[in-house]
Amino acid sequence: MKKSVFLGALTVASFVAGAAAAATLDDVKARGELNCGVNTGLVGFAAPDANGNWAGFDVAICKAVAAAVLGDSSKVKYVPTTGQTRFTALASGEIDLLVRNSTWTFTRDTDLKLDFAGVNYYDGQGFMVRRDLGVSSAKELDGATVCIQTGTTTELNLADFFKANNMSYQPIAIDTNAEGEQQYLAGACDAYTTDASGLAATRAAFADPENHIILPEIISKEPLGPVVRHGDNEWGDIVRWTLNALVAAEEYGVTSANIEELSKGTQNPEVNRLLGTEGDLGAMIGLDKEWAKRAIAAGGNYGEIFAANIGEQTPIGLARGLNAQWTQGGLLYAPPFR
C-alpha cells in the first residue's frame, strides 16, 4: 500500500514538474525577457565590459534565442553561474537557458534531468603552465599542484589522467575562472586545467601571455552546448533549432551583411525555408516565419560569431579545428530545414 502511495505521489510530482517545465516559452514571452545563465566571467565566451554589457561566444547564443523568441536580441538578463550553481539555477527555474561552457555528458543528460540542445563548441581539457616551469608535456606534471574548478567534468578527467599515467597531484579547488586565474598567477598552483578554449581565453587576459604555455595534451572530449530543462520539448526545439540556424546559415552563405537581400528569395529552397520566405517552419515551434532570420541577424552566422569573439584574429586566437563546417573537415553539421 505504501509503495503505491509513494509511486502515486511521484507521478503527481513528475506531472507538476513537467507542467511547470513546459511553460518556458510562455513565461519568456510574458516576461518579455530571456533569463540566460552564463559564466561568471570568461573573456571571449561570456564577460561584462566596464559598463556591464555582456559579450562573447556563449552570449551570442543567448542573444540569438532572444531575437528568435522576443524579436529583440537585447531582451536578455544575464545570470552569472559557477560550475556548482549552474545546473541548480536551471532546474529551479531561475534561468530559462544555460549557455556556460557546459559539457554534454551521460549523467547530466539523464540523472540531472537536463537536455542539451546541441554542441556549440567541440572542446577538450588541457593544461596551462608558466613557461619558466620548464615543462613541455602534461606527463611531466607528477607531484604538481593543479588549480581546478569544482563541480566540473575536469575533476574526474584530471583524476583519470594522473592515475592512468601513474602520477600524483595536489588539487587546488576553485569556484570560478577569476579565482583560478588569481590563484594560478599568485603561484598557488603549478598548473591550471580546464577546457582548452577556456585556457586560451584566460591566458589572453594576462599582462604577459607569452610567459604561459598551453601544453599539447588534450585529455578528454568536452562537447559544450546550451542546456534546457528536461520535459519542455517545445522550448528545447526552439533552442536547438536556433543553434542549427546559425550553423546552417554559415554553410549556405547567409551572413549578417546579405541576409536582408537573401530574405527576398533565392534559388536555394533550404535558404528560403530557413529565412521564412517559403513554408512556415516557425509555426511548428510556436514562433513566426522570421524567427531564424532574426536569430542570424542578431550576431551573424556561426562563423561570424566565432571569428568576432574567439577566432584567430582575436586575443583568444582559436582556430576553427573541429568547429569548422563538415564541408571543411570539421564536425559542424546542421540537420535539414524541411
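Ring centroid separation for the pair F161 and F127 comes in under the 6.0 Å cut-off.
I174 and F45 are assigned to two separate hydrophobic clusters, defined by single-linkage of ILVMFWY side chains at heavy-atom distances under 4.5 Å. Cluster membership for L185 and V135, using ILVMFWY side-chain heavy atoms within less than 4.5 angstrom, is not shared. A single hydrophobic cluster is seen to contain both L158 and L141, as judged by linkage of ILVMFWY side chains at heavy-atom distances under 4.5 Å, directly or through other members. Hydrophobic clustering (ILVMFWY, side-chain heavy atoms < 4.5 Å, transitive): I172 and V146 are in distinct clusters. L199 and I310 sit in two unconnected hydrophobic clusters of ILVMFWY residues. Membership requires side-chain heavy atoms under 4.5 Å apart, directly or through other members.
Under the 3.5 Å distance criterion, the side-chain polar atoms of N157 are matched with a main-chain donor or acceptor of T153. N165 places no side-chain N or O within donor-acceptor distance of the main-chain N or O of M167, the cut-off being under 3.5 Å. A donor-acceptor distance shorter than 3.5 angstrom exists from the side chain of E155 to the backbone of G151, with no hydrogens or angles considered. R203 places a side-chain N or O within donor-acceptor distance of the main-chain N or O of H212, the cut-off being under 3.5 Å. Formation of a donor-acceptor pair under 3.5 Å by the D72 side chain with backbone atoms of S74 is found in this model. N101 places no side-chain N or O within donor-acceptor distance of the main-chain N or O of A46, the cut-off being under 3.5 Å.
Side chains of E222 and S220: a donor-acceptor N/O pair is present below 3.5 angstrom, by distance only. Remark: the N39 side chain and the D58 side chain contain no N/O donor-acceptor pair separated by less than 3.5 Å. Between the side chains of T314 and N309, not a single donor N or O lies within less than 3.5 Å of an accepting N or O. Checking S197 against D123 by side-chain atom types alone, a donor-acceptor pair falls below 3.5 Å.
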After noting the C-alpha distance and the side-chain angles of I218 and Q125, does the key distance pass the side chain to side chain contact (heavy atoms under 4.5 Å, CB included) rule? CA-CA 5 Å; I218 298 295; Q125 184 175 336; 6.0 Å; no
Pair T85, T88 - check side chain to side chain donor-acceptor pair (under 3.5 Å), show working. CA-CA 5 Å; T85 65; T88 303; over 6 Å; no
Is there a side chain to side chain donor-acceptor pair (under 3.5 Å) between D96 and T24 once you walk through the steps? CA-CA 7 Å; D96 309 305; T24 306; 5.6 Å; no
Please step through ring-ring contact (aromatic ring centres under 6.0 Å, His included) for the pair Y302 and F57, ending with a clear verdict. CA-CA 9 Å; Y302 180 93; F57 184 73; 5.7 Å; yes
Before you tell me yes or no, could you show the steps for N272 and T266 under side chain to side chain donor-acceptor pair (under 3.5 Å), namely the whole-Å CA-CA distance, both residues' side-chain angles and the distance that decides it to 0.1 Å? CA-CA 6 Å; N272 295 340; T266 73; 3.0 Å; yes
Side chain to side chain contact (heavy atoms under 4.5 Å, CB included) between V227 and L90: does it pass, once the steps are laid out? CA-CA 8 Å; V227 196; L90 180 60; 3.7 Å; yes
Working note: T255 + E304, criterion side chain to side chain donor-acceptor pair (under 3.5 Å); need CA distance, chi angles, decisive distance, verdict. CA-CA 8 Å; T255 71; E304 290 178 282; 4.8 Å; no
Verdict with supporting geometry, Q149 and Y192, side chain to side chain contact (heavy atoms under 4.5 Å, CB included): CA-CA 9 Å; Q149 288 189 54; Y192 184 24; 3.4 Å; yes
Decide side chain to side chain contact (heavy atoms under 4.5 Å, CB included) for I296 and L274; before the verdict, give the C-alpha distance in whole Å, the side-chain angles of both, and the deciding distance to 0.1 Å. CA-CA 10 Å; I296 299 163; L274 174 67; 4.1 Å; yes
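A salt bridge links K293 to E260: at least one charged side-chain nitrogen sits closer than 4.0 Å to a carboxylate oxygen. For K75 and E33, the salt-bridge test fails: no basic side-chain N is under 4.0 Å from an acidic carboxylate O. We find that D160 and K163 are not joined by a salt bridge, their nearest charged nitrogen and carboxylate oxygen being 4.0 Å or further apart.
Rounding to the nearest 0.5 Å places OH of Y121 at 10.5 Å from CG of L332. Atom CG of D280 and atom CH2 of W291 lie 11.0 Å apart (nearest 0.5 Å). The distance from the OG1 atom of T81 to the CD atom of E94 is 8.5 Å, given to the nearest 0.5 Å. Note: I238 CD1 to L243 CG = 14.0 Å, rounded to the nearest 0.5 Å. For the atom pair OG1 of T145 and CG of D190, the computed distance is 3.5 Å after rounding to the nearest 0.5 Å. The structure places CG of D237 at 7.0 Å from CD1 of I285, a figure rounded to the nearest 0.5 Å.
Ring-plane geometry between W326 and Y333 is classed as tilted, the angle between the planes lying from 30 to 60 degrees on a 0 to 90 degree scale. Classification of the F162-Y169 ring pair by plane angle, with boundaries at 30° and 60°, yields tilted.
Taking 4.5 Å as the limit, every side-chain heavy atom of K77 sits out of range of all side-chain heavy atoms of C36. The shortest distance between side-chain heavy atoms of L215 and M128 does not fall below 4.5 Å. Counting heavy atoms from C-beta on, the side chains of T193 and C147 never come closer than 4.5 Å. Side-chain contact between R294 and D288: present, with at least one pair of heavy atoms (C-beta onward) separated by less than 4.5 Å. Looking at heavy atoms from C-beta onward, T194 lies out of side-chain contact with T152 at the 4.5 angstrom threshold. Using a 4.5 Å cut-off on side-chain heavy atoms (C-beta onward), E181 and F206 make contact. By the 4.5 Å heavy-atom criterion applied to side chains, Y78 and C62 are counted as neighbours. L34 is not listed as a side-chain neighbour of V69, based on a closest heavy-atom distance of 4.5 Å or more.
Looking at every heavy atom in both residues, A191 comes nearest to V129 through CB-CG1, 3.7 Å. Closest approach of A89 and S92 over heavy atoms only: O-OG, 3.2 Å.
Cation-pi check for R130 over Y184 is met; the charged atom lies under 6.0 angstrom from the ring centroid and within 45 degrees of its normal. A cation-pi contact links R320 to F306, judged by a cut-off of 6.0 Å to the six-membered ring centre and 45° from its axis.
For N301, there are no side-chain hydrogen bond (donor to acceptor under 3.5 Å, both in side chains) partners, not counting sequence neighbours.
Each of V239, T242, V65 was evaluated against P226; a single residue qualifies, V239, per the side chain to side chain contact (heavy atoms under 4.5 Å, CB included) test.
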